[in-house]
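Right, one structure below, let's go through it.
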Amino acid sequence: MRLRNIILVLALLAALAVTSGGYLYYASLKQAAFNQKDDHAETRIELLKRQLAMYLSEHIKPVKALAGIEELETALKRKDTVSIKEVNPVLDNFANALDLDVCYLMDDKGLTIASSNRTAQDSFVGKNFSFRPYFKNALAGDTATYLALGTTSGKRGVYYSHPVYDSQTAALLGVAVIKASVELVEALLFTDYQGILLVTDPNGIIFISNKNELRFKMMWELSQERIQKIQESRQFGRGPWPWAGFYITKDRHVENQNKKGHPFSAEKGKGTTICCSVPERSHF
């Protein structure tokens, strides 16, 4: 009888050991899979950040070159029909050669006096964009890069601006601007990727994504005060911007409202964007 009890206890202990070992093996395998996916996500994010940085800096030199062309200086000084007629082909050539959405010239008050889209229904000529940060920064003497939804065209774009100076007095006359397409960067960087890739502004407004349904949504819940400031900036239109339902967890992952986990990484660019990659995380 005693031997039978001993054998029973040993059998129970053996079963417990097998069960515990199996669970520990399963947990170890699960964690290894998570770590592997996280490492892959971080590598992917790093590559995307570099590619995005290259894209966002692609037209900085061209806009500087555009701002230094004599016809732009003359047009800003005279603002007459002849000088505007002479600057138009310059803007057209830049827009066509660089495959841009539009190139335009603003005076020191933010009024667009010439544009490559002057014959289009959504022409920028006569429009005042003095409220845009890319104009204010250029007016302060800086080269600016800015992501925004066009207030006239209703199209997303990357804006590059640079001041135009008087070659004799060095006085600031106006601002040259290049607008490049956002659709191009989505096609180049996000094609055929199965997870979720997106770019937001520092507030978390999703501006670029491989998921159409996520664009112009808030990645995080924002206070009414911050939403009001976003509305006042007119960077992303009038809104509203629904919440996409993401949370940051303590382990630096992101969960959606269905508690589905995603590896996550974010890095602020030059005060304009955060690049994030949230590929689907495996579930066991």
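When a residue number appears, it is its place in the shown sequence, counting from 1.
- Criterion: ILVMFWY side-chain heavy atoms under 4.5 Å apart, direct or through other members. Under it, Leu98 and Val182 are part of a common hydrophobic cluster.
- Under 3.5 Å, the side chains of Glu86 and Thr74 contain no donor-acceptor pair of N or O atoms.
- Looking at residues two or more places apart in sequence or on another chain, you find no salt bridge (charged side-chain N to carboxylate O under 4.0 Å, His left out) involving Asp122.
- Donor-acceptor pairing under 3.5 Å is lacking for the side chains of Gln224 and Gln228.
- Evaluated for a side chain to side chain contact (heavy atoms under 4.5 Å, CB included) with Thr200, the options Lys217, Met218, Met219 yield exactly one hit, Met219.
- Salt-bridge formation is detected for the pair Asp92/Arg118: a Lys NZ or Arg NE/NH1/NH2 atom is positioned less than 4.0 Å from an Asp or Glu carboxylate oxygen.
- For the pair Arg234 and Phe131, the cation sits on the ring face: its NZ or CZ lies under 6.0 Å from the ring centre, inside 45° of the axis.
- Atoms NZ and OG1, from Lys127 and Thr151 in turn, are 8.0 Å apart once rounded to the nearest 0.5 Å.
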Side-chain atoms of residues 56-64: list all donor-acceptor pairs with protein atoms under 3.5 Å, sequence neighbours left out, distances to 0.1 Å.
residue : atom : partner : partner atom : Å
Ser57   : OG   : Ala53   : O            : 3.0
Ser57   : OG   : Met54   : O            : 3.1

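- Checking each of Val175, Asp108, Asp107, Leu105 against Val164 for a side chain to side chain contact (heavy atoms under 4.5 Å, CB included) leaves exactly one that passes, namely Leu105.
- Under the 4.5 Å side-chain criterion, counting only non-hydrogen atoms from C-beta, Phe94 is in contact with Ile69.
- Residues forming a ring-ring contact (aromatic ring centres under 6.0 Å, His included) with Phe236 (at least two apart in sequence, or on another chain): Phe207.
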